[in-house]
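On a predicted model such as this, the values are computed, not experimentally measured, just so you know. Just so you know, these numbers use all the heavy atoms, side chains as well, and skip hydrogens, waters and symmetry mates. Below, chain A is the first sequence line, B the second, and so on; all start at residue 1.
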Amino acid sequence: MPQLLDGLNPEQLAAVTLPHQSALILAGAGSGKTRVLTTRIAWLLQTAQTSPLGILAVTFTNKAAKEMQTRLGAMLPINTRGMWIGTFHGLANRLLRTHHHEAGLPQVFQILDSADQLSAIKRLLKSMNVDTDKFEPKKVQNFINNNKDAGLRAQHVESYDPYMRRLVEFYAAYDEQCNREGVVDFAELLLRSEELLARSDAIRRHYQQRFRYILVDEFQDTNRLQYRWLKHFAGMDSALMAVGDDDQSIYAFRGAHTGNMNEFQRDYAHDNIIKLEQNYRSHGNILDAANALISKNPTRLGKNLWTSADAGEPIRVYLAYNDQEEARFIAEEAQALHREGIALNDIAVLYRSNAQSRVLEHALFSAGVPYKVYGGLRFFERQEVKHALAYLRLLAFPDDDGAFTRVVNFPTRGIGARTLEQLIDAAQQSSSSLWKTAYAKYADAPAGKGLAGFVHLIRAMQEATLGVTLPEAIEHILQASGLMAHYVAEKDGQDRVDNLNELINAATVFINDADAIANAEDNGGLMASFLAHAALEAGTHQAGEGHDALQLMTVHAAKGLEFHAVFLTGLEEGLFPSEQSMSERDGLEEERRLMYVAITRARRRLYISHAQSRMLHGQTRYGIASRFLDEIPVELLKPINKGYAPAVEQYATPAPRTAKQHSSSPWRMGMNVRHAKFGVGVVINVEGQGTDTRVQINFGGAHGVKWLSLEYAKLEAA
DNA sequence: TTGTAACACGTTTTT
DNA sequence: CGTGTTACAA
């Protein structure tokens with residue numbers, strides 16, 4: 001036991017060995033949060049304060065859950081089976097499978113991922129003859145999900161106008177459709193299980209008595225529904241530990257409710273707050289920069305990171321002429337670091353938006369620097385994999401209309417829109433599924449072309465896959481459906497073929513996993529289990545682990561990670577902080593937290609770069625340095641491009657041909673001008689008209705960026 | 001039914 | 001500028 005607690009600082013120790021009571025742990029970036037969480041569980045078990053059954057540990061991502069399991073396994077020679085460690089959605093799924101009857105679900109309910117949900121909504125709107133120009137499916141999807149995340153069913157949503165009333169109607173109809181088809185979307189997993197716990201005293205009491213210790217990771221990211229969900233598990237005898245960092249809350253845009261932290265304080269922790277403020281990751285200057293920046297946020301729970309490490313290097317600031325030059329600089333600098341012996345894997349290039357990655361990729365490719373971009377499609381989200389899974393779903397649960405429509409004409413077999421429309425109408429008439437309707441009509445017909453052929457194909461596949469293993473079934477489906485042949489024939493289909501083969505592989509791995517087999521018993525079979533796994537855990541973004549490559553990702557994606565060196569790019573007003581965040585409530589604060597997250601990813605070296613101009617949406621935009629740069633104490637920064645104030649001439653660019661919006665002014669963006677006092681600069685913004693015109697000019701060097709009113713300032717073209 | 005051409009649009013994202 | 005989606009002709 002002493003070993004377990006070795007090396008913990010006093011605050012960490014206090015959190016780990018907290019007696020049977022609730023507490024809020026404010027855990028700053030790099031303060032050993034995950035370690036505390038896992039050591040706490042290990043300590044509870046080792047000191048026999050509870051059995052594995054008494055523990056409920058909730059995370060947001062599969063990665064975090066897995067990491068906890070792994071670390072726990074390394075600390076204690078126990079099997080983690082029976083312990084409820086998982087994601088909100090994973091655990092909600094488990095709950096609903098166990099109590100599917102009470103929850104009003106078929107045992108083998110399917111899980112819709114976002115894309116599935118969207119196509120379900122499109123299908124619904126079509127069947128309701130809705131004009132999708134007026135009601136965009138995406139908007140409808142957001143409306144439904146936002147309400148579910150807030151814990152509201154259609155009948156609870158207040159509508160103020162006809163438009164919203166219509167949305168509520170869609171919400172109700174969508175839920176009806178899901179119930180009819182036995183499918184459940186992500187938000188529904190949580191809402192459905194929350195309602196179940198609220199409704200059934202017996203089930204709730206059972207879990208309340210069972211879970212004596214409840215631990216929640218990344219609590220600042222929880223939404224209202226998730227907090228409500230958690231509360232149901234907390235009985236009289238439960239101790240809750242919520243670990244989070246309000247300064248790292250960057251998911252308000254998807255429903256995260258930081259207020260949960262205050263509510264948790266009130267509801268459970270009372271004044272039991274432990275702050276983990278010692279940072280084990282970064283050098284002093286980096287931490288000072290982060291602290292200074294985040295201190296500009298008005299509403300914080302309050303926390304200041306410190307480190308026993310020395311100040312380290314200054315933060316390098318690079319001002320680039322444009323985005324391409326910025327990218328070139330990063331490519332060169334990364335190579336230099338690599339030559340010094342830093343692994344490319346340990347260097348990250350971060351950006352605010354995905355669109356910025358293209359220029360970077362181009363420069364890295366030209367410079368021959370291996371890189372890896374995070375984000376984009378995940379394995380189980382790729383169309384070929386989804387097609388294959390849809391066949392699988394259809395075989396096991398033929399009434400799944402979503403799966404049916406997905407593959408009925410893929411690969412193409414001559415079943416057009418017209419045929420399908422007739423089928424949908426007929427199904428609606430008899431209020432039955434598409435499969436049942438088609439089957440009733442063509443089961444006895446000869447296996448011809450079109451729908452009849454499809455019905456017979458599915459029947460044949462059902463028979464052929466009876467009693468074979470899951471990978472064998474998938475292999476057969478790929479062949480019999482013609483999917484494999486389709487992609488083999490496609491000219492750029494090799495990746496897709498590889499993915500389909502990988503799917504067989506994934507199924508093999510899955511059925512060899514002991515836990516999965518055990519779970520399958522109560523989850524309605526191995527196939528249902530595998531499909532749930534595919535939906536809940538979309539897999540990695542890209543293959544090709546193991547190669548040393550520069551890491552490219554958005555700041556969001558970098559949360560929770562750390563690197564020896566970090567390049568933080570595009571620090572320009574309108575980009576970071578983003579333009580649209582400015583119009584959102586508390587938008588700037590969230591952007592600042594995002595910046596805070598970005599800075600604290602770096603262990604030893606941090607580069608911050610910005611560009612004077614940048615290609616955005618096909619046109620050149622002139623940006624000024626982000627205000628976040630000004631919020632970092634200047635003594636922590638070290639300009640690194642030749643004195644930081646290169647000759648303005650070097651940046652001279654021809655004025656944009658068309659600057660219509662500013663046509664009333666003789667001054668154009670990008671234009672070189674001379675000011676009596678400040679010298680030569682570049683116009684980077686023009687605002688107002690006539691005598692009210694103000695121009696923003698970058699003079700570089702000591703004078704920097706200034707707004708000048710044309711009424712007073714004497715300017716001349718340079 | 002399928003392929004091409006015009007067209008719209010353009011933060012952040014996990015489950 | 002580049003991509004993804006829709007509209008229309010073959």
Side-chain angles (χ1 to χ4, degrees), chain A residues 58-65 86-93 111-118 122 132-133 136-138 142 145 148-149 184-191 217-218 221-223 225-226 229 249-256 323-324 350-359 361-362 374-378 380-381 383 409-420 449-450 532-541 553-560 570 574-584 587 590-591 593-595 597-598 614-621:
Chain A
V58 195
T59 65
F60 268 86
T61 63
N62 291 301
K63 198 176 159 203
T87 63
F88 278 99
H89 297 269
L91 295 173
N93 177 48
I111 299 169
L112 302 184
D113 69 16
S114 311
D116 295 334
Q117 184 189 34
L118 188 61
K122 283 181 182 161
T132 47
D133 288 333
E136 292 165 48
K138 269 262 167 53
N142 279 334
N145 287 339
K148 286 191 179 184
D149 285 344
V184 167
D185 61 54
F186 286 140
E188 182 74 18
L189 284 170
L190 283 166
L191 184 51
D217 192 16
E218 304 277 19
D221 288 340
T222 52
N223 62 33
L225 177 59
Q226 284 160 338
W229 187 90
S249 161
I250 55 173
Y251 285 114
F253 73 92
R254 68 172 196 216
D323 48 352
Q324 295 180 29
L350 307 184
Y351 35 81
R352 174 68 243 266
S353 71
N354 284 308
Q356 288 166 252
S357 76
R358 202 182 326 115
V359 181
E361 285 185 69
H362 184 80
Y374 288 78
L377 272 191
R378 324 260 295 278
F380 284 110
E381 291 166 355
Q383 69 150 14
N409 194 36
F410 196 96
T412 48
R413 41 178 79 88
I415 302 169
R418 170 185 87 258
T419 322
L420 206 54
K449 299 182 67 170
H533 165 81
L536 288 173
E537 203 171 333
T540 53
H541 281 289
M553 65 191 84
T554 63
V555 180
H556 281 92
K559 194 172 96 155
L575 199 65
F576 198 177
S578 81
E579 203 141 38
Q580 34 277 317
S581 71
M582 314 293 271
S583 55
E584 284 162 25
E590 176 135 326
E591 293 288 306
R593 289 193 293 268
L594 198 51
M595 180 72 183
V597 168
R614 183 177 296 276
M615 265 310 228
L616 213 62
H617 307 325
Q619 53 185 356
T620 310
R621 299 243 315 223

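- The main-chain N or O of A:A187 is never found under 3.5 Å from a side-chain atom of A:N145 such that the two would form a donor-acceptor pair.
- One can place CH2 of A:W229 at 15 Å from P of B:dT15, the figure rounded to the nearest angstrom.
- Within the structure, a side-chain polar atom (N or O) of A:T554 is placed less than 4.0 Å from OP1 or OP2 of B:dT13.
- In this entry the distance linking NZ of A:K63 with P of B:dT15 reads 10 Å, nearest Å.
- Contact annotation for A:F60: backbone-only contact, meaning every heavy-atom pair under 4.0 Å involves sugar-phosphate atoms and none involves a base.
- Rounding to the nearest 0.5 Å gives a distance of 5.0 Å between CE of A:M615 and OG1 of A:T620.
- Backbone-only engagement by A:Y251 is indicated by non-hydrogen atom pairs under 4.0 Å involving sugar-phosphate atoms exclusively.
- Rounded to a whole Å, the CD atom of A:Q226 is 18 Å from the P atom of B:dT13.
- Rounded to whole angstrom, the span from the CD atom of A:E381 across to the P atom of B:dT13 amounts to 12 Å.
- If you measure from atom CG of A:D149 to atom P of B:dT15, you get 14 Å, rounded to the nearest angstrom.
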Which protein N or O atoms sit under 3.5 Å from an N or O of nucleotides 8-10 of chain B?
| residue | atom | partner | partner atom | Å |
| --- | --- | --- | --- | --- |
| B:dG10 | N3 | A:H617 | ND1 | 3.3 |

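- Separation of the P atoms belonging to B:dT12 and C:dT5 is 15 Å when rounded to the nearest angstrom.
- In this entry the distance linking CG of A:L377 with P of B:dT14 reads 12 Å, nearest Å.
- Following rounding to the nearest Å, A:Q356 (CD) and B:dT11 (C1') show an atom-to-atom distance of 10 Å.
- Going from the C1' atom of C:dT3 to that of B:dT14 covers 24 Å, rounded to whole Å.
- Residues A:N409 and A:G414 share a closest heavy-atom pair of OD1-N, 3.4 Å.
- Within the structure, every side-chain polar atom (N or O) of A:R254 is placed at least 4.0 Å from both OP1 and OP2 of B:dT15.
- A:T59 pairs by the side-chain hydrogen bond (donor to acceptor under 3.5 Å, both in side chains) definition with nothing, not counting sequence neighbours.
- Among all heavy-atom pairs drawn from A:T222 and A:Q226, the shortest one is CA-OE1, 3.3 Å.
- Taking the six-membered ring where tryptophan is involved, the planes of A:F186 and A:H89 are perpendicular, since the angle between them exceeds 60° and thus also 30°.
- Residues A:A538 and A:E381 approach most closely at CB-OE2, 3.7 Å, considering heavy atoms.
- Rounded to the nearest 0.5 Å, atoms CD (A:E584) and CD (A:Q580) are 7.5 Å apart.
- Taken from CD in A:E579 to OG in A:S353, the straight-line distance is 11.5 Å, to the nearest 0.5 Å.
- With distances taken from any side-chain atom of A:H556 to the nucleotides B:dT11, B:dT15, B:dT12, the minimum falls on B:dT12.
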Could you go through the salt bridge (charged side-chain N to carboxylate O under 4.0 Å, His left out) check for A:K559 and A:D221 one step at a time? CA-CA 12 Å; A:K559 194 172 96 155; A:D221 288 340; 2.7 Å; yes
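- Mapping heavy-atom proximity under 4.0 Å, the span of DNA chain C touched by chain A runs 5' to 3' from C:dC1 to C:dG2.
- Residues A:F253 and A:A538 both approach DNA chain B. Their nearest nucleotides, taken by heavy-atom distance, put A:F253 toward the 5′ side.
- You won't find any donor-acceptor pair under 3.5 Å spanning the side chain of A:S114 and the base of B:dT14, going by distance alone.
- Of all the heavy atoms in A:P577 and A:E591, the pair that sits closest is CA-OE1, 3.3 Å.
- Note: A:F60 CZ to A:T87 OG1 = 10.0 Å, rounded to the nearest 0.5 Å.
- Look at B:dT12: its glycosidic torsion is beyond 90° from 0, and that puts it in the anti range.
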Could you go over nucleotides 2-7 of chain B and give all protein N or O partners under 3.5 Å, atom names and distances?
| residue | atom | partner | partner atom | Å |
| --- | --- | --- | --- | --- |
| B:dT2 | OP1 | A:T412 | OG1 | 2.6 |

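- Distance noted for atom P between B:dT13 and C:dG4: 16 Å (whole Å).
- For the side-chain hydrogen bond (donor to acceptor under 3.5 Å, both in side chains) test, residues two or more places apart in sequence or in another chain that qualify with A:E590 are A:R593.
- Rounded to whole angstrom, the span from the CG atom of A:L575 across to the P atom of B:dT12 amounts to 11 Å.
- Nucleic acid contact for A:E584: base, since at least one base atom lies under 4.0 Å from a heavy atom of the residue.
- No contact: A:L350 has no heavy atom under 4.0 Å from any strand.
- Here A:E188 lies out of heavy-atom contact (under 4.0 Å) with every strand.
- Residue A:S578 is classed as a base contact, given a heavy-atom separation below 4.0 Å to a base.
- Residue A:N62 has a polar side-chain atom (N or O) positioned under 4.0 Å from OP1 or OP2 of B:dT15.
- For A:D323, there are no side-chain hydrogen bond (donor to acceptor under 3.5 Å, both in side chains) partners at least two apart in sequence or on another chain.
- Comparing B:dT11, B:dT13, B:dT15 against the side chain of A:N354 picks out B:dT13 as the nearest.
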